[in-house]
Amino acid sequence: MKNIKAQQLLNKIQRDLMRNGIIINTLVNDLKELRSIIVDEEGNPLLAKALRLTYEHIENFEGFEIAIPDDEPVEEGEEMPENPAETGQESLDYLLSLMADPENKVNKIELREYVNALNIYAEEN
């Protein structure tokens, strides 16, 4: 993320998350504002999509129910392992940390995994 305002807002979101946990209204509003900056000034479609899906998920499901992506590749047809200890605040914080450097090759891959997991969760629920 190159935009200073976007970096500062992302840092604020992460601080608020660690201090207060997931406060839906504040978090959603901050994520929407961050997405607006990304769309207008960064031009990163993957990051914009990840942000939109994240705040829509939080609004619709009143929390963050996506696990941190597994390091092990999942074979086709095999279900993603669900580890409840890695959902919620910890996973959201990890997703936000990926957003800080969306051009990093590994971060791009994991952002795509989050986008896929958010889409699948929305379809199934």
Sub-3.5 Å donor-acceptor pair from the side chain of Arg35 to the main-chain atoms of Ala48, do we have one?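 Yes; at least one donor-acceptor contact below 3.5 Å.
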For the pair Gln89 (side chain) and Leu17 (backbone), establish whether a donor and an acceptor sit closer than 3.5 Å, ignoring hydrogens and angles.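 Yes: the side chain of Gln89 pairs with the backbone of Leu17.
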Show the nearest heavy-atom pair for residues [X] and [Y], with the distance to one decimal.
X      : Y      : value
Val106 : Asn104 : N-OD1, 2.9 Å
Asn107 : Ser97  : ND2-O, 4.5 Å
Gly43  : Pro45  : O-CD, 3.3 Å
Gly88  : Ile22  : C-CD1, 4.1 Å
Ser91  : Ala67  : OG-C, 3.5 Å

Shared ILVMFWY cluster between Val39 and Ile13, side chains joined below 4.5 angstrom?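 No: no chain of side-chain contacts under 4.5 Å links Val39 to Ile13.
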Shared hydrophobic cluster, Ile24 / Ile66 (ILVMFWY, side-chain heavy atoms < 4.5 Å):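 Same cluster: Ile24 reaches Ile66 through Ile, Leu, Val, Met, Phe, Trp or Tyr contacts under 4.5 Å.
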Taking only residues at least two apart or on different chains, which pairs with a member in residues 3-12 satisfy salt bridge (Lys or Arg N to Asp or Glu O under 4.0 Å)?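 Sorted pair list: Lys12-Asp16, Lys12-Asp30.
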Quick one: which residue pairs count as a salt bridge (Lys or Arg N to Asp or Glu O under 4.0 Å) with a foot in residues 93-105, not counting sequence neighbours?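 Non-adjacent pairs meeting salt bridge (Lys or Arg N to Asp or Glu O under 4.0 Å): Glu103-Lys108.
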Separation between [atom1] of [X] and [atom2] of [Y], rounded to the nearest 0.5 Å:
X      : Y      : atom1 : atom2 : answer
Leu51  : Leu34  : CG    : CG    : 5.0 Å
Met99  : Glu110 : CE    : CD    : 12.5 Å
Thr54  : Leu96  : OG1   : CG    : 7.5 Å
Glu124 : Asn119 : CD    : CG    : 11.0 Å
Leu10  : Arg15  : CG    : CZ    : 10.0 Å
Leu111 : Asn116 : CG    : CG    : 11.0 Å

Indicate yes or no: at least one non-hydrogen side-chain atom of [X] is less than 4.5 angstrom from one of [Y].
X      : Y      : value
Gln7   : Ile4   : yes
Leu27  : Leu92  : yes
Phe64  : Leu118 : yes
Glu59  : Tyr55  : yes
Pro102 : Leu46  : no
Asn125 : Asn60  : no

side-chain contact (heavy atoms from CB on, under 4.5 Å) for Leu98 and Leu47? Distances and angles first, verdict last. CA-CA 10 Å; Leu98 296 174; Leu47 187 53; over 6 Å; no
Provide the full list of ring pair (Phe, Tyr, Trp, His ring centres under 6.0 Å) pairs with a residue in residues 103-125, sequence neighbours left out, each pair given once.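 Those involving residues 103-125 are His57-Tyr121, Phe61-Tyr121.
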Are Asn3 and Glu42 linked by a side-chain donor-acceptor pair shorter than 3.5 Å?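 Their side chains do not contain a donor-acceptor pair, so the 3.5 Å distance test is not met.
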Evaluate the salt bridge (Lys or Arg N to Asp or Glu O under 4.0 Å) criterion for residues Glu56 and Lys32: first the C-alpha distance (whole Å), next the side-chain angles of each, then the deciding distance (0.1 Å), finally the verdict. CA-CA 9 Å; Glu56 286 175 354; Lys32 285 180 179 180; over 6 Å; no
